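What follows is a single structure, written as structure tokens, with notes after it.
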Protein chains: 2
Amino acid sequence: MSQQRPGGQSGQPGAVPALPDLPEATVARLPEYLRALHNLAETGHDTVSSEGLAAAAGVNSAKLRKDLSHLGSYGTRGVGYDVALLIEQIEYVLGLTQRRAVALVGVGNLGHALAGYAGFATRGFRIAALFDADPSRVGEQISGLVVRHIEDLAEIAAAESIAIGVIATPAAAAQSVADQLVAAGVTSILNFAPCVLSVPEGVDVRKVDLAIELQILSFHEHRKASLTSLPATGPTGGLTALPGGLSATGTEEAVGT
Amino acid sequence: MSQQRPGGQSGQPGAVPALPDLPEATVARLPEYLRALHNLAETGHDTVSSEGLAAAAGVNSAKLRKDLSHLGSYGTRGVGYDVALLIEQIEYVLGLTQRRAVALVGVGNLGHALAGYAGFATRGFRIAALFDADPSRVGEQISGLVVRHIEDLAEIAAAESIAIGVIATPAAAAQSVADQLVAAGVTSILNFAPCVLSVPEGVDVRKVDLAIELQILSFHEHRKASLTSLPATGPTGGLTALPGGLSATGTEEAVGT
DNA sequence: AGGCGCTTGTGAAGTCGTGCACAAATCGCG
DNA sequence: CGCGATTTGTGCACGACTTCACAAGCGCCT
């Protein structure tokens, strides 16, 4: 609460205030709060209550308050949180005040999509370089960037101060790419390849596996089906009259996500 | 994930081998085990120890044994697990014995990549239909499928027995699409749009947000950077940046890939 | 047949995360 | 200036998950 500087002894004058070491679960939710806050800011809200922000982020309000309390006391009792101030604080804690350079390796199907994903640019990141091992792809231009050969990774990573790498290669190549990223000084990796990477201590790896997400959903489907013996909403039971209110008025063109 | 049915297990006197009520954390790991097991099977392994499989899946061996124990006793003490049998069991529990039909909504940048992603097809799923709200995209052919207008969703979903939907639209359209999916009988949704979806009880939603993953990595980058000048406090010790070693720490077998 | 080494399955303890409930703090108003 | 309405920050209890440690079971070798 009154602890402006968690972490205790920081004898470094002028140094960055030591980051509180947040619970991992909290860290994983902060980006969601941040997105919700940006939405609120755009719709003209100056302050927001924990209840309101929690609803916008899809979590419990008590959890939200506890999460925010971990990074200091930035709310006002009886009023709520100042949206702009909270955005600033979360962006600072997440290290988004600088626009981090990201290297993307593998410009296949998925790599193309990622290279064109506007969400990276608008949320604190800059794709600084694209790489591939296939010579026929080197030189291709995607979203204003030229694909370089993976051999040039170390050189470019150093020049661009790249600390985060994204692997969008086939699984067979992923470990080799990871090794090269680490050798080039990258200390955080986002892996889309369906395999386990082994990296030295001090390097963070996060994994996104699209098939796994579907398989988890499949389990719940299976379970729901095994519990459903009588309910009318059986599979393809017949055309149920759709509620007319669900018109597609809100649908827009599906621009590249 | 949150909306679990309460434990009131009603009736159903021993008919089907009722699905064990697995911990959510276990469910999330089963697909990883499954992938590792397929790798092992392809490289000629007939059996595998918990230690070996755990290494291949990137988890602790005790955790793996406990996970597997939840779905029955399919190991042999002193020997290990029969790879083929375990694959069969996990696929059954995950509901992958049938090839589930999936609807993909939004064929923008990301949607294209997902439609062409081979991993879905090889891991238990069949993309049965593509949808978009943009008339200029309707009719386009992608990976052997014709893009249909979102209006046709209900009809096609019924015809193809689609129970899982994937949303790859801009955030502004996602809620509307989700409503339409639900109205069409879809009970599981994988959402790539950066927003919170509200759905009726009984519908499962999982979310994948690429920018959030990067922001989590960014936090750890920020934290690492702020520690490099501070004394190491805590059990995690200072991250000793072994400069020369580019090879991975573990010498464990790298699971063929 | 019996002992020995290996591996599973699991009780128990420890750690982490969640949600409730409430005191403390702040604002607006009479 | 004090009071009530409102909302934050947090102590505490509970539940979920992880990890350890070990007994029980299995196959092989002698």
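We name chains A, B, ... by the order of the sequence lines, and we start the count at 1 in each one. Model, not experiment: these values are computed from the prediction.
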In whole Å, what is the span from the [atom1] atom of [X] to the [atom2] atom of [N]?
| X | N | atom1 | atom2 | result |
| --- | --- | --- | --- | --- |
| B/Leu85 | C/dT8 | CG | C1' | 14 Å |
| A/Gln89 | D/dG9 | CD | P | 12 Å |
| A/Leu71 | D/dT8 | CG | P | 14 Å |
| A/Asp82 | C/dC27 | CG | P | 13 Å |
| B/Leu68 | C/dT10 | CG | P | 12 Å |
| A/Asp67 | C/dG19 | CG | P | 11 Å |
| B/Glu24 | D/dC17 | CD | P | 8 Å |
| B/Leu22 | D/dT18 | CG | P | 13 Å |

Go through the structure and list residues passing side-chain hydrogen bond (donor to acceptor under 3.5 Å, both in side chains) with A/Lys66, not counting sequence neighbours.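 For A/Lys66 there are no side-chain hydrogen bond (donor to acceptor under 3.5 Å, both in side chains) partners, ignoring immediate neighbours.
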How would you list, by chain and number, every residue that makes a side-chain hydrogen bond (donor to acceptor under 3.5 Å, both in side chains) with A/Asn39, sequence neighbours excluded?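 A/Asn39 satisfies side-chain hydrogen bond (donor to acceptor under 3.5 Å, both in side chains) with no residue once adjacent residues are dropped.
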The side chain of B/Pro23 lies closest to which of these nucleotides: D/dG9, D/dC17, C/dG9?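 The nucleotide sitting nearest to the side chain is D/dC17.
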Options D/dG9, C/dG9, C/dA12, nucleotide nearest the side-chain atoms of A/Tyr81: D/dG9
Show me the donor-acceptor pairs, under 3.5 Å and distance only, between side chains in residues 52-59 of chain B and residues at least two apart or in other chains.
none

Are any of the side-chain heavy atoms of [X] and [Y] separated by less than 4.5 Å?
| X | Y | value |
| --- | --- | --- |
| B/Arg123 | B/Pro31 | no |
| A/Arg100 | B/Gln215 | no |
| A/His222 | B/Val93 | no |
| B/Ile164 | B/Leu190 | no |
| A/Lys207 | A/Ile212 | yes |

With five pairs defining each end axis, the helix from C/dA1-D/dT30 to C/dG30-D/dC1 comes out bent, to 10°, by 10°
With a cut-off of 6.0 Å (strictly less than), are more than 12 heavy atoms of other residues, nucleotides or ligands near CD of A/Gln98? yes
How long is the straight-line distance from CZ of B/Arg35 back to SG of A/Cys195, given to the nearest 0.5 Å? 6.5 Å
Got a sec? Which of residues 41-53 of chain A come in under 4.0 Å of DNA chain C, heavy atoms?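 The answer is none.
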Going 5' to 3' through nucleotides 22-30 of chain D, assign each nucleotide B (protein heavy atom under 4.0 Å from a base atom), S (under 4.0 Å only from sugar-phosphate atoms) or - (no protein heavy atom that close). -BBBBS---
Taking only the side-chain nitrogens and oxygens of B/Lys63, find out if one of them lies under 4.0 Å from OP1 or OP2 of D/dT19.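 It does, given that an N or O in the side chain of B/Lys63 lies less than 4.0 Å from OP1 or OP2 of D/dT19.
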Determine whether A/Asp204 and B/Arg223 satisfy the following criterion, salt bridge (Lys or Arg N to Asp or Glu O under 4.0 Å), listing intermediate values before the conclusion. CA-CA 12 Å; A/Asp204 282 301; B/Arg223 195 159 157 288; over 6 Å; no
Keeping B/Glu51 on the side-chain end and B/Ser61 on the backbone end, is there a donor-acceptor pair under 3.5 Å?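 Here the side-chain-to-backbone pair does not exist.
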Ignoring hydrogens and angles, does a donor from either the side chain of A/Lys66 or the base of D/dG9 sit under 3.5 Å from an acceptor on the other? no
